[in-house]
Amino acid sequence: MTITALRPTQASLESAYLKSLKMERLGRVVLLAGPNGGGKSRTLALIEGLAQSHNARMQSIASTIAIQQPVFPHVTLGESSPEISRQVEGLGPRQVWVADPGEDLIVVRVQPTATTFRGSDQMSLGEISALADSAKDSSIVDYADRAVAYFVDTLRVARNSRVSSPPKPDASHRQALGQSLANFIRQLVGVEISITDRDQLFIDGRPLTSQSLSPGQNILLQMSAVIHSRAGLDRSYVLAWDEPENHLHPHVLVQVVESLLNSPGTSQILMATHSVPLIAHATNIDPGCLYVARDGHVGPAGSDPTGVLTDLLGNDEGVRKLHQLTGVPEELASFRFAAQSLLDAGVAGHVHMDPQTGQAISGLDLKQGRTALLDFGAGKARLLEALDEKLGAQLAATVDYVAYDPSKTYANVRECLLDRVYGSSQGRSFQSIDAIKSAHGESHFDCVAMCNVLHEIPIESWLECLLQAASLLNPKGRLVILEDQEMSVGELPHPGGFLVLDEPDLKLMFRLTGYELAGMERKEERDGRLTAHWIPAELVSRVTQASVRNAVSSAHDRAAASIREVRNQAGPRTYKAAVAHARWTQQFVNSRLYLDQQAP
């Protein structure tokens with residue numbers, strides 16, 4: 001169970017004393033950074049509250065679905081659908097999106113402090129039992145004595161179940177719980193825990209006292225009790241950890257995070273932190289994991305960590321000194337992008353109010369009957385999800401959507417979405433062009449959308465794909481090519497590497513001259529970063545092998561000019577400039593490799 005997105009209502013934000021929040025496409029590790037008072041801890045508290053609301057909502061939906069199952073056999077609880085909305089009217093809007101809504105969302109929120117606690121020999125048996133039971137209460141903050149009590153109670157019950165006669169019905173479960181606790185502590189803290197026949201708690205063969213532990217061990221033992229008491233043996237949980245760097249060496253903290261991620265129950269870790277080493281480690285694995293909380297506004301840090309570093313280090317002078325020590329940001333940016341450019345490309349999913357798919361939707365004529373739309377290279381069908389978000393119950397009557405992707409990887413994702421929207425995926429999900437033509441005929445579609453497709457496939461395949469698109473468009477139809485002109489993460493989608501085309505290159509590829517230039521429409525978002533080029537069907541078919549080469553040659557020349565421009569910029573090198581330099585360098589090399597291969 002993982003949280004994939006947060007979309008709190010304004011009332012929820014105000015109750016958490018936050019002004020705005022944008023957290024989408026959340027991975028297994030999510031970091032919240034920013035100045036003190038910015039809203040990091042309040043965000044974790046909000047997430048805990050939203051999880052509780054989510055569980056109550058899912059229970060209500062489950063009972064409603066059980067009643068309505070014969071009426072809505074294809075309802076998927078993980079998605080926002082008109083059917084669910086009608087059945088749970090009055091429950092309020094969903095505010096948290098999760099990977100598997102069929103389970104309870106367990107959020108374990110911790111902010112342990114190294115404090116003194118009593119040994120088990122200073123507690124009565126009744127006190128131990130009461131404290132151990134209260135350890136499962138999510139509202140508890142003081143965990144020192146409760147951790148000791150939970151350890152003793154769990155290990156004592158496991159021991160007694162082994163020797164009880166006759167064996168109790170749940171004896172095996174109790175023994176497994178005790179063993180899993182010992183294993184978890186061994187994995188997380190690196191110590192062995194045990195109890196004597198007189199129920200005295202020992203750590204590595206020594207009686208457990210505050211003085212026998214380092215502050216870091218003190219913290220981690222408390223965390224072990226919090227997590228294990230609430231998640232138990234086999235329940236997955238999301239850990240919300242406030243200021244994990246307290247009392248932990250930076251290297252140890254990274255090791256603990258990795259150890260938690262490798263633990264069977266840990267599905268996701270959310271951390272509010274000031275730790276530069278932790279941020280560096282996590283963003284090196286997932287550049288999109290970092291979010292900033294500043295003055296009550298929470299949102300993605302983006303590809304440039306300079307603002308976060310300034311928050312953490314006080315001012316530009318602090319950042320400059322760190323740069324001198326470590327060589328970031330420009331060296332880090334160049335190395336990271338270059339390394340990423342040797343990794344397989346990921347497949348993007350839908351995000352709330354996705355600006356790129358929104359470009360495609362804005363160009364569709366949705367007022368003139370039902371629009372036949374082919375999502376060429378559909379992937380996870382993010383375009384369909386965006387249409388569903390915008391049109392809701394009107395989607396099926398407004399857009400005749402068909403998905404094409406030769407890969408089977410996300411076929412089940414596409415088919416589940418189609419089942420939900422149209423009642424069936426039959427005749428709407430294809431892995432070959434011939435199958436599409438057999439089902440719908442040629443010249444059927446009003447629009448063929450290629451969202452981040454051209455740069456994901458070998459240049460040698462462009463001609464075939466574009467001519468296929470042309471054959472599927474009706475005479476008044478249009479092809480839309482959507483691309484991110486400023487990729488912040490490198491990738492190697494195929495051995496030839498990525499190559500992103502823009503207007504000058506596309507004009508050459510479709511051999512546009514004179515009045516034909518006006519036929520191609522260019523729209524952009526975010527200062528030109530996201531582009532959408534709309535090409536009429538009659539112009540799409542003009543592409544040839546020679547025109548593809550001319551387009552690549554144009555992209556090669558643009559890359560060379562852009563590299564010179566970045567290198568000639570005055571002033572200090574920035575992270576953004578370093579990413580741009582690395583990106584243009586990849587474009588230059590990839591286009592050069594293709595041109596050399598095509599040379600006679």
Side-chain angles (χ1 to χ4, degrees), residues 2-3 6 8 12-13 15-18 21 23 26-52 96 105-115 135-144 146-147 188-189 215-231 237-250 252-261 263 265-279 281-283 289-299 301 308 311-312:
T2 57
I3 299 172
L6 296 169
S12 294
L13 283 175
S15 68
Y17 300 99
L18 295 172
L21 184 145
M23 298 181 71
L26 302 182
R28 287 198 71 200
V29 174
V30 179
L31 300 184
L32 284 161
N36 287 332
K40 302 184 298 296
S41 298
R42 298 198 298 275
T43 300
L44 293 184
L46 172 65
I47 292 171
E48 184 180 32
L50 293 182
Q52 294 169 356
V96 57
L105 174 57
I106 301 175
V107 173
V108 179
R109 185 174 171 224
V110 295
Q111 189 181 14
T113 56
T115 185
K136 302 173 184 178
D137 187 345
S138 61
S139 64
I140 295 297
V141 177
D142 180 10
Y143 246 84
R146 288 178 174 82
L188 189 62
V189 193
Q217 289 176 317
N218 189 317
I219 291 285
L220 294 177
L221 279 172
Q222 291 183 63
M223 279 189 56
S224 301
V226 177
I227 294 171
H228 197 270
S229 65
R230 296 180 189 171
Y237 64 90
V238 174
L239 178 63
W241 193 357
D242 205 348
E243 297 187 355
E245 61 272 15
N246 285 349
H247 301 291
L248 291 178
H249 185 279
V252 173
L253 173 57
V254 169
Q255 287 182 319
V256 169
V257 170
E258 290 298 321
S259 179
L260 283 167
L261 289 173
S263 176
T266 312
S267 59
Q268 192 173 32
I269 304 178
L270 316 175
M271 291 175 280
T273 182
H274 299 116
S275 171
V276 174
L278 177 61
I279 292 172
H281 174 76
T283 55
C289 74
L290 182 60
Y291 291 78
V292 178
R294 188 183 294 119
D295 191 28
H297 297 281
V298 183
V308 176
D311 288 337
L312 296 176

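Just so it is clear, the model here is predicted, and its values are computed rather than measured. Just so you know, these numbers use all the heavy atoms, side chains as well, and skip hydrogens, waters and symmetry mates.
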Looking at CD of Glu48 and CG of Leu105, how far apart are the two atoms once the value is rounded to the nearest 0.5 Å? 10.5 Å

Please determine whether side-chain contact (heavy atoms from CB on, under 4.5 Å) holds for the pair Leu239 and Met271, giving the CA-CA distance in whole Å, both sets of side-chain angles, and the decisive distance to 0.1 Å. CA-CA 8 Å; Leu239 178 63; Met271 291 175 280; over 6 Å; no

Closest heavy-atom pair and its distance - Met223, Leu260: CE-CD1, 4.3 Å

Go through the structure and list residues passing side chain to side chain contact (heavy atoms under 4.5 Å, CB included) with Ser267, not counting sequence neighbours. Thr2, Ser236, Val238

Here the gap from Thr43 atom OG1 to Leu50 atom CG, rounded to the nearest 0.5 Å, amounts to 10.0 Å

Non-neighbouring partners of Ala16 that pass side chain to side chain contact (heavy atoms under 4.5 Å, CB included), sequence neighbours left out: Leu18, Leu46

Closest non-hydrogen atom pair between Gly39 and Ala293, with its separation: C-CB, 3.8 Å

Would you check if Glu245 and Pro250 make a side-chain contact, meaning some heavy-atom pair closer than 4.5 Å? no

For a quick test of reading the model, state the closest non-hydrogen atom pair linking Ser15 to Ser12 and the distance between them. OG-O, 2.7 Å

Do the non-hydrogen side-chain atoms of Arg28 and Leu261 ever get within less than 4.5 Å of each other? yes

Give me the atom names and distance for the closest heavy-atom approach of Pro244 to Ala272. CD-O, 3.3 Å

Ser263 meets the side chain to side chain contact (heavy atoms under 4.5 Å, CB included) criterion, sequence neighbours left out, with Phe184, Gln187, Thr266

Between CG on residue Leu248 and CD on residue Gln217, distance to nearest 0.5 Å: 10.5 Å

Check against side-chain contact (heavy atoms from CB on, under 4.5 Å), Met23 and Tyr291: CA-CA 8 Å; Met23 298 181 71; Tyr291 291 78; 3.9 Å; yes

Side chain proximity check, Pro277 to Leu253, heavy atoms < 4.5 angstrom: no

Do the non-hydrogen side-chain atoms of Cys289 and Thr283 ever get within less than 4.5 Å of each other? yes

Please report the interatomic distance CD1(Ile219) to CD(Gln111), rounded to the nearest 0.5 Å. 9.0 Å

Atom CG in Leu31, atom NE2 in His281: separation rounded to 0.5 Å? 9.5 Å

Of all the heavy-atom pairs spanning Gln268 and Gly27, show the shortest one and how long it is. NE2-O, 2.7 Å

Could you go step by step and tell me if Ile47 and Arg109 meet the side-chain contact (heavy atoms from CB on, under 4.5 Å) rule? CA-CA 9 Å; Ile47 292 171; Arg109 185 174 171 224; over 6 Å; no

Evaluate the criterion side-chain contact (heavy atoms from CB on, under 4.5 Å) for residue pair Glu243 and Lys40; output intermediate values, then yes/no. CA-CA 9 Å; Glu243 297 187 355; Lys40 302 184 298 296; 5.9 Å; no

Thr273, Leu270, Val256, Leu44 screened by side chain to side chain contact (heavy atoms under 4.5 Å, CB included) with Trp241, the one that passes: Val256

Nearest atoms (heavy-atom pairs only) where Ile269 meets Val257: CD1-O, 3.9 Å

For the residue pair Arg42 and Val298, establish whether any side-chain heavy-atom pair is separated by less than 4.5 Å. no

